[in-house]
2 protein chains.
Amino acid sequence: MERPRRPTITDVAAEAGVAASTVSRAFTHPGRVNQHTRAHVLEVAARLGYAPNPLAQALESGRTSTVALVVPDIANPFFVGFVKGAERALASSQRTLVLADGRESAVAEEAVVQRLHRSVDGFVLVASRLDDDALRRAAALAPVVLVNRVTTGLPGVVADYVGGAEQIVSHLASLGHRRAVVLGGPTGSWSGARRWTGLQVAAGRHGVEVERLGPFSPTFEAGAAAADAVLGLRSAAGRDARPTAVVAHNDLLAMGVLARLAERGASVPDELSVVGFDDVFGAALCSPPLTTLAERSERAGALAVDALLSGGAPVGPGQPPQVVPTHLVVRRSTGPAPAPA
Amino acid sequence: MERPRRPTITDVAAEAGVAASTVSRAFTHPGRVNQHTRAHVLEVAARLGYAPNPLAQALESGRTSTVALVVPDIANPFFVGFVKGAERALASSQRTLVLADGRESAVAEEAVVQRLHRSVDGFVLVASRLDDDALRRAAALAPVVLVNRVTTGLPGVVADYVGGAEQIVSHLASLGHRRAVVLGGPTGSWSGARRWTGLQVAAGRHGVEVERLGPFSPTFEAGAAAADAVLGLRSAAGRDARPTAVVAHNDLLAMGVLARLAERGASVPDELSVVGFDDVFGAALCSPPLTTLAERSERAGALAVDALLSGGAPVGPGQPPQVVPTHLVVRRSTGPAPAPA
DNA sequence: TTGAAAGCGCTAACAA
DNA sequence: TTGTTAGCGCTTTCAA
């Protein structure tokens, strides 16, 4: 509990009989110091328990060796992969992760950027809720790398939702599905828009009809309403016009749908196939286990950090985002389309 | 991208025609400045887009308005509650959360503390892997608050595992279970030890026999081996000596057990009841949904941060940790004990 | 109530 | 190769 004053560079200098600048150099520019002096300085420093004060270093250099990661909701399991990947990438270069929660809100997210921009070397904004103008304002304050969001002029890392949508639709088509319902995510969700257009394109290519319901909140709870909407649609449609597959905006919603369908006695996948996005923890454990599009979120987090730190690389207006592949994990929530009988 | 030099306190002072110290006071000691001067200074500051540099403030004061939270594994869903709660508590007082991953390793965790202690106002160590000596070394570097770990002399916040174990055993006993297997967590896990002793005490009180297997890694994957061990025990035991309930060290392990039991055709809860600890995301979604002891982890995270910040409150050697209540969430993985026939 | 000056701990010219 | 000097941006004595 008793915390004595930490030794400073001056203490070490005095004790070692050299100038403070020499001590500084011994630590940060080993080449520019005599081998002997350096060894002696380090020995004295070790004996005194000295270590450079990162705050003072940061004040001088302007660099903090710290990166802020902002996610819409820390508690959402979908985002933990990004956090993990970013932390790994940072820790491996002795840097520090500041984690902030954007509260699913543009206002909160912008406040976070305002508050932190002097204390960090840059931001990784995951699934940012900010509009293009706000993103530009943020980027004027500190370097920004986007994840699963694109705006011209800012570097980014995105999952390949287009390729992923193709995998989903092709999987469903090969099982004989001809009509699918897409449960849309929140309006304004960039990834939601990408997923939807990807699905439309793929559906066109495979001769599958898709209809979109929603928007739905991307939560387990919203699944009940979504499932009811799907069942309503089915009973309103003629026998042979019934959708046989559901593609949900994300896994949480899909799992909520599964739960509700079970409650209402609709069997999955016999009557209805269900697909999600994200492959979150839990997707393999629900009943039936969920077929879903997996995204390499740890890798995306690490790539974003790398992009931020290698900031030298000029990111012109034309720089395309890095694309991280996705892959479909087929589990038991999808099966052959039921005969129209 | 172009980032012009940010205005400093000197710029504002010059522009406002006052001394730098007056600007400083206008921001940090509103009382000690003439109303008029203050208004004028703030107006100029706003016009110039000035905001105090937190790094410089920190260098001066030694306080960083930053707290580090160290968890054994960021990707483990069990820990996200603590992170969320801590972030909330910090953001509400304009402070910053640094998140670090202890890699389930004492060495890595101590390295993290070494690396960060100059840059933060203190540490919240969740389920720390450090031994008592290492904890004391850490506390000598910076204020430390423990979560779900206790050592004399350090403040802490712990879940009420003793009361929780009582709830679990009483629930099982009331369902007629007389023999239970406890699947132990990693050796050296403080919470594991608490859970086990709590279960033993409660078992004694309720006339339930408990046997411990393990240690098992607290992961889904380890569930297979654990389930096999339980089944082996059952077939070795005489008809009336068979355990009818399993209490797993945590939910991940319990879910792994459920998956393996299903694979091997053992029905839950008809043949065997299964209970977990933590109520992680996914526990409600697995099949059957898991009965588990829920812990208010967000609250624990917030309390730990509060304890750290209210550091004034002297924490003598005798200070007991704050206890956060737990509650049993009964789902469908537990049911009446099968008749011994 | 305000200003001048010193200093937080460190780094980076500039000389020597 | 090393020491001296002057800051980084801010806060805080100490006087006025």
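Every chain is numbered from 1 and lettered A, B, ... according to where its sequence line falls, protein lines coming before strand lines.
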d(CG, L55(B); P, dC10(C)) in whole Å
14 Å
Looking at T37(B), I'd like to know whether one of its side-chain N or O atoms comes within less than 4.0 Å of OP1 or OP2 on dT1(C).
no
So what does S61(B) touch, heavy atoms closer than 4.0 Å: a base, only the sugar-phosphate, or nothing?
nothing
Mark yes or no for a side-chain to base donor-acceptor pair under 3.5 Å between S21(B) and dA4(C), with no hydrogen or angle criteria applied.
yes
Looking across every strand, which nucleic acid part, if any, lies under 4.0 Å from Y50(B) by heavy atom: base, sugar-phosphate, or nothing?
sugar-phosphate
Go nucleotide by nucleotide along DNA chain C from the 5' end; which of R118(B) and H29(A) gets its closest nucleotide reached first?
R118(B)
From dT12(D), dT11(C), dT1(D), nucleotide with atom closest to S24(B) side chain
dT12(D)
Can you confirm whether the side chains of R95(B) and S93(B) place a donor and an acceptor under 3.5 Å from each other?
yes
Please determine whether a side-chain nitrogen or oxygen atom of Q57(B) lies at a distance below 4.0 Å from atom OP1 or OP2 of dG9(D).
no
How is V23(A) classified with respect to the nucleic acid when contacts are heavy atoms under 4.0 Å: base, sugar-phosphate, or nothing?
nothing
Could you tell me how far apart N53(A) (CG) and dC8(D) (P) are, to the nearest whole angstrom?
18 Å
Atom CD of Q35(B) and atom C1' of dT1(C) are separated, to the nearest Å, by 12 Å
For atom CZ of R299(A), is the number of surrounding heavy atoms from other residues, nucleotides or ligands below 6.0 Å larger than 12?
no
Taking all non-hydrogen atoms of both residues, which atom of R137(B) and which atom of E110(B) are closest, and how far apart?
NE-OE2, 2.8 Å
Ignoring hydrogens and angles, answer whether the base of dG3(C) and the side-chain atoms of R25(B) contain a donor-acceptor pair closer than 3.5 Å.
yes
Please report the distance, rounded to the nearest Å, between CZ in R32(A) and C1' in dA12(C).
9 Å
Considering only side-chain heavy atoms of A19(B), which listed nucleotide, dT2(C), dC10(C), dG3(C), is closest?
dG3(C)
note: R6(B), atom CZ; dC10(D), atom P; distance rounded to Å ~ 10 Å
Polar side chain donor-acceptor pair, H29(B) to R38(B), under 3.5 angstrom:
no
Figure out the NE2/P separation between H40(B) and dT2(C), and round it to whole Å.
12 Å
Send over the distance from L59(A) CG to dA6(D) C1', rounded to a whole Å.
14 Å
Ignoring hydrogens and geometry beyond distance, is the side chain of E60(B) in donor-acceptor contact with the base of dG7(C) at under 3.5 Å?
yes
F27(B) CZ to dC10(D) P, straight-line distance once rounded to whole Å
9 Å
Between E295(B) and N148(B), do the side chains contain an N or O donor and an N or O acceptor separated by less than 3.5 Å?
yes
